[in-house]
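Bear in mind that the values here come from a model prediction, so they are computed numbers and not experimental data. First listed ligand is number 1; within each ligand, the first listed atom is number 1.
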Amino acid sequence: MIKVGIIGASGYTGGELIRFLLKHPDAEVVTATSRKYDGEPIYKVHPHLRDSELKFENLEPGELDADLVFTATPHGVSMKIVPELIDNNIRVIDLSGDYRFDNLELYEKWYGFRHSNPLEAVYGLPEINRDQIKGADLVANPGCYPTGAILACLPMVKEKIVDNIVVDSKSGVSGAGVNPTETTHYPNCSDSVSPYAVTTHRHGPEIQEKLSKFGPSKVSFTPHLVPVIRGIMSTVHGFITEDVIPEYVQEIYNEFYEGEPFVKVLDKGEVPRLSSVRGSNNCHIGCFEIDENGRLVVASSIDNLVKGASGQAVHNMNLMFGLPEKEGIDLIGLHP
Ligand SMILES: NC(=O)c1ccc[n+]([C@@H]2O[C@H](COP(=O)([O-])OP(=O)(O)OC[C@H]3O[C@@H](n4cnc5c(N)ncnc54)[C@H](OP(=O)(O)O)[C@@H]3O)[C@@H](O)[C@H]2O)c1
């Protein structure tokens, strides 16, 4: 049994990690930390986890006794916690942005401060780094937008059939975490849709850095907040450089994702929906249409808290510990 610790267990991704791990046959959560709820049963914060006897503890990283720790903490916080865990021979999956960039300067430019503790990490997108994840001590779990966007773009970038890509993404409000803000206050986000960080969102350079390893395409990214709780829809517009037809594009995607347990390439004429992936670790990819201006449209849907965060993190844990990839996260979506 893998002994698992979760730092930041009172947050949204922490709650999701516990939800999956409670039913995982080969892992047990031994520690769930929270500074605010020290001593409280976890169901006081996560009311759906009533069956668990776990209690929150306010522990320092050096006090954790575990084989693996998930750091479900904000960026800037993870970098202060992860090195001590690694020094204590604990493998780590970090859900923040702190270890996702290969290029440290890029991280510091987009996050706006110096990285105090850089370490080598494997970018935890199993569809591109499966073998490296298996041997990693530190896995940087991808951002929620980058997960959906990279999966939607990868085959078209790798085949070099596009040069410019525009990623237009829409996220549910849980992407912003458990603490309420003016933007996520119900009357401000309900019944409305708005773009934010229009050309400056930090997930843009993360998407670009990872896709650049596969081809030379330039990627532009704009996120939107939509009044749903979970889910990210990314509509990707790729401007084609070759005379390709939709059937060929669809074939490229079918081949690229063949055998992937969590990526489902939809049939011709089908479109991805948020509702079909909600609660599951699946990414649905569809559309594959090309208009008269040479614009190829591919769209992907994921649940930001599952494939975009905690489900993908458990997938990474399964890879790191040589377990069946779907263990604990073999979930069906919640449509409607
Ligand atoms: N939400 C998403 O869809 C999503 C998707 C992908 C990645 N992520 C990333 O995953 C991480 C967690 O996201 P989240 O949405 O779960 O955030 P969240 O709901 O805000 O939860 C973060 C938790 O971290 C704990 N925390 C904050 N500062 C801390 C500190 N200095 N030391 C120890 N614990 C601290 C807090 O618990 P206490 O105050 O109780 O200690 C809090 O509950 C973030 O880096 C986020 O960017 C989130």
R100 N/O under 3.5 Å from ligand 1 N/O:
no
Going by an N to O cut-off under 4.0 Å, is there a salt bridge joining E16 and R230?
yes
Sub-3.5 Å donor-acceptor pair from the side chain of S34 to the main-chain atoms of A9, do we have one?
no
Give a yes/no verdict on whether any heavy atom in G143 is under 4.0 Å from an atom of ligand 1.
no
Minimum non-hydrogen distance to atom 8 (N) of ligand 1, winning option of V178, D98, T73, L95
L95
Between T241 (side chain) and I161 (backbone), is there a donor-acceptor pair under 3.5 Å?
yes
Ligand-residue contact atoms, ligand 1 with G8, heavy atoms, under 4.0 Å:
23 (C), 24 (O), 25 (C)
So the atoms of ligand 1 within less than 4.0 Å of a heavy atom of G175 turn out to be 1 (N), 2 (C), 3 (O)
Closer than 4.0 Å to some heavy atom of H75 - which atoms of ligand 1 meet that?
45 (O)
Find the distance between CD1 (I240) and CG (N164) and round it off to the nearest 0.5 Å.
13.0 Å
Partner of N304 under side-chain hydrogen bond (donor to acceptor under 3.5 Å, both in side chains), picked from S310, S174, S171, is S174
Under the side chain to side chain contact (heavy atoms under 4.5 Å, CB included) test against M233, which residue among V226, D168, I302, L274 passes?
L274
With only distance considered, is G11 within less than 3.5 Å of ligand 1 through an N or O on each side?
yes
Look at E247 together with K268 and state whether they make a salt bridge at an N to O cut-off of under 4.0 Å.
yes
To the nearest 0.1 Å, how far is atom 4 (C) of ligand 1 from its closest protein heavy atom, and which atom is that?
T13 CG2, 3.8 Å
Ligand 1 atoms nearer than 4.0 angstrom to some heavy atom of G308 are 5 (C), 6 (C)
Shortest protein heavy-atom distance from atom 17 (O) of ligand 1, along with the residue and atom involved:
G177 CA, 4.1 Å
Is the closest protein non-hydrogen atom to atom 47 (O) of ligand 1 under 4.0 Å?
no
Got more than 12 heavy atoms from elsewhere within 6.0 Å of CD1, I229?
no
Distance filter under 4.0 Å to V77 heavy atoms, resulting ligand 1 atoms
29 (C), 30 (C), 31 (N), 32 (N)
Under 4.0 Å from any heavy atom of A309, which atoms of ligand 1 are there?
5 (C), 6 (C)
Of all protein heavy atoms, the one nearest atom 22 (C) of ligand 1 is A72 O, 3.5 Å
Quick test: of every protein heavy atom, which one is nearest to atom 3 (O) of ligand 1, and how far off is it to 0.1 Å?
N304 ND2, 2.9 Å
Near S174 (heavy-atom distance under 4.0 Å), the atoms of ligand 1 are 1 (N), 2 (C), 3 (O)
In the protein, what heavy atom is nearest to atom 26 (N) of ligand 1, and what distance, to one decimal place, separates them?
R35 NH2, 3.5 Å
Just jot down the ligand 1 atoms closer than 4.0 angstrom to any heavy atom of K36, in number order.
39 (O), 40 (O), 41 (O)
The protein heavy atom nearest to atom 43 (O) of ligand 1 is S10 OG, 2.7 Å
Tell me, with the steps shown, if D26 and F321 meet side chain to side chain contact (heavy atoms under 4.5 Å, CB included).
CA-CA 10 Å; D26 290 307; F321 287 85; over 6 Å; no
Does the distance from a Lys or Arg side-chain N to an Asp or Glu carboxylate O, for K307 and E127, drop under 4.0 Å?
yes
Parallel, tilted or perpendicular for Y145 and H203, by the 30°/60° rule?
perpendicular
Plane angle bin for H75 and F113 - parallel if under 30°, tilted between 30 and 60°, otherwise perpendicular:
parallel
